[in-house]
Amino acid sequence: MKILVVNAGSSSLKYQLLDMKDESVIAKGNCDRIGIDGHVSAKTGDGRHIEEDCNFPTHTEAFEKLVEVLTSGETKVIDSMSEISAVGHRIVQGAEVFKETCLVTDEVIDQIDALAELAPVHNHPHALALRACKAVIPAGTPQVVVFDTAFHSTMPRKAYLYGLPYECYTDLHVRKYGFHGTSHSFVSKRAVDFLGLDKDNSKVIVCHLGNGSSISAVVNGECVDTTMGLTPLEGVVMGTRSGNIDPAIMEFIAKKENLDIEGIMNVLNKKSGVFGLSGGISSDFRDLNDAAQSGNEDAANAIDVLCYGIAKFVGGYVAAMNGVDAIVFTAGLGENNIVVREQVLNHFGYMGITLDKEANQIRGEEKIISTPDSKVTVAVIPTNEELAIAHETVALLK
Ligand code: ADP
């Protein structure tokens, strides 16, 4: 069974074609610069590769190109699109309308589009991509939508409500939704299997740390809290996003710097996080680690702020769940950054967590990194959001 996974943004269409027999990647790539000019980068599992400038006025032309690179030329991997059993689409915001993965209908696309108010950057492009996909794939091929927010829909009211006038929730739908749900779901399930936990009696904290980062608390396989909120700006300090701040800072900076709300949001989304904290050195942790190691104090401070913040969220979730069986690190930073894992875990000596420093010297590998006598097991579990979407797609078809 072959599943095409699509992650569409406003100007890009990332894809992976997966063979579910052995979960291998048959092809992957990106049709990007949609609405600007157009560019495709396509790779096959056996190492063939093309890069080409194109003309993508809309998502439809990008999808047509996607079909072309899969079915013809240097990167051909299938004879026709009818070999694909289904298309699974990543959708950022499902809000309270979509609590589960579902099949795409015209009404579903309209509802996803209508939720654009809650996710302006993502949901409208998703709807455009869904319509474009429908136009280019064979009529009988099911399309499935998998929501970033769905895994978090089990959060209790006390976790998702903000301390705002209640009408903000009832009338404006302002609440915590959480994101990276497919990753938190995939990794927390894998943690239960890999660590031999009892699924129905387990408390797991997943630290998905990448450019965008979020942490979730998962009890018996269900999310009970997560750090991202109405938008992916809330929570831990990220690559360029601020994470939590005193909301009054926005007014303060606006007045001092003469910025309007777009200007302020630009600062919080693009100029903050470890990038901003380090005085603009980089949002990439490899650069920050190098700079810190060469004695750059701003880089070291940025890493300190991030790790301290992560530790406070993890500690908060231990309290929220009244205990924890496993803490898991995943995504680019969580899987690869030895220093960040060590600095975060240094905060938990009081809980009897001991890091196996030698085991921690790994990158991108599934491994337990706590000592055998540690009171809580700590592990690195690589995430795979495309595979998670493909699994969800297959599960729905069944
Ligand atoms: P996102 O999907 O949110 O864009 P990723 O999950 O790809 O982000 O994570 C990107 C982050 O992971 C970057 O800060 C990068 O520095 C870090 N990272 C990736 N590989 C390594 C590595 N080998 N060593 C240290 N950090 C790494």
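Just so you know, these numbers come straight off a predicted model, no measurement behind them. We count ligands from 1, going down the list as the structure has it; atoms in each ligand are counted the same way.
With distances taken over non-hydrogen atoms, the option nearest atom 7 (O) of ligand 1 out of A331, G332, S213 is G332. Of the candidates T383, L333, N337, it is L333 that places a heavy atom closest to atom 11 (C) of ligand 1. With distances taken over non-hydrogen atoms, the option nearest atom 23 (N) of ligand 1 out of N289, D287, N336 is N336.
Side chains of D287 and S282: a donor on one and an acceptor on the other come within 3.5 Å. For the residue pair T44 / D46, a side-chain donor-acceptor distance below 3.5 Å is found, with atom types taken as modelled. Side-chain contact annotation: N55 with D37, donor-acceptor N/O pair under 3.5 Å absent.
Residues A299 and L288 come closest through the heavy atom pair CB-O, 3.6 Å. Between V136 and F63, the shortest heavy-atom contact is CG2-CB, 3.7 Å.
Those atoms of ligand 1 that come under 4.0 Å of a heavy atom in S283, given as number and element, are 14 (O). Those atoms of ligand 1 with a heavy atom of R363 less than 4.0 angstrom away are 23 (N), 24 (N).
The nearest protein heavy atom to atom 26 (N) of ligand 1 is closer than 4.0 Å.
With hydrogens left out, the protein atom closest to atom 4 (O) of ligand 1 is N211 CB, 3.4 Å, a heavy atom. Scanning the protein for heavy atoms near atom 15 (C) of ligand 1, the closest one is D284 OD1, 3.5 Å. Distance from atom 14 (O) of ligand 1 to its nearest protein heavy atom, with residue and atom name: F285 N, 3.2 Å.
Listed by first then second residue, pairs satisfying salt bridge (charged side-chain N to carboxylate O under 4.0 Å, His left out) with a partner in residues 335-352 read E342-K357, not counting sequence neighbours.
Between G364 and ligand 1 there is no heavy-atom distance shorter than 4.0 Å. Between G212 and ligand 1 there is a heavy-atom distance shorter than 4.0 Å.
Proximity of E335 to ligand 1, defined as any heavy-atom pair under 4.0 Å, is not found for any part of the residue.
Aromatic ring centres of H184 and H152: separated by under 6.0 Å.
For the pair R175 and Y169, the cation does not sit on the ring face, since its NZ or CZ is not both under 6.0 Å from the ring centre and inside 45° of the axis.
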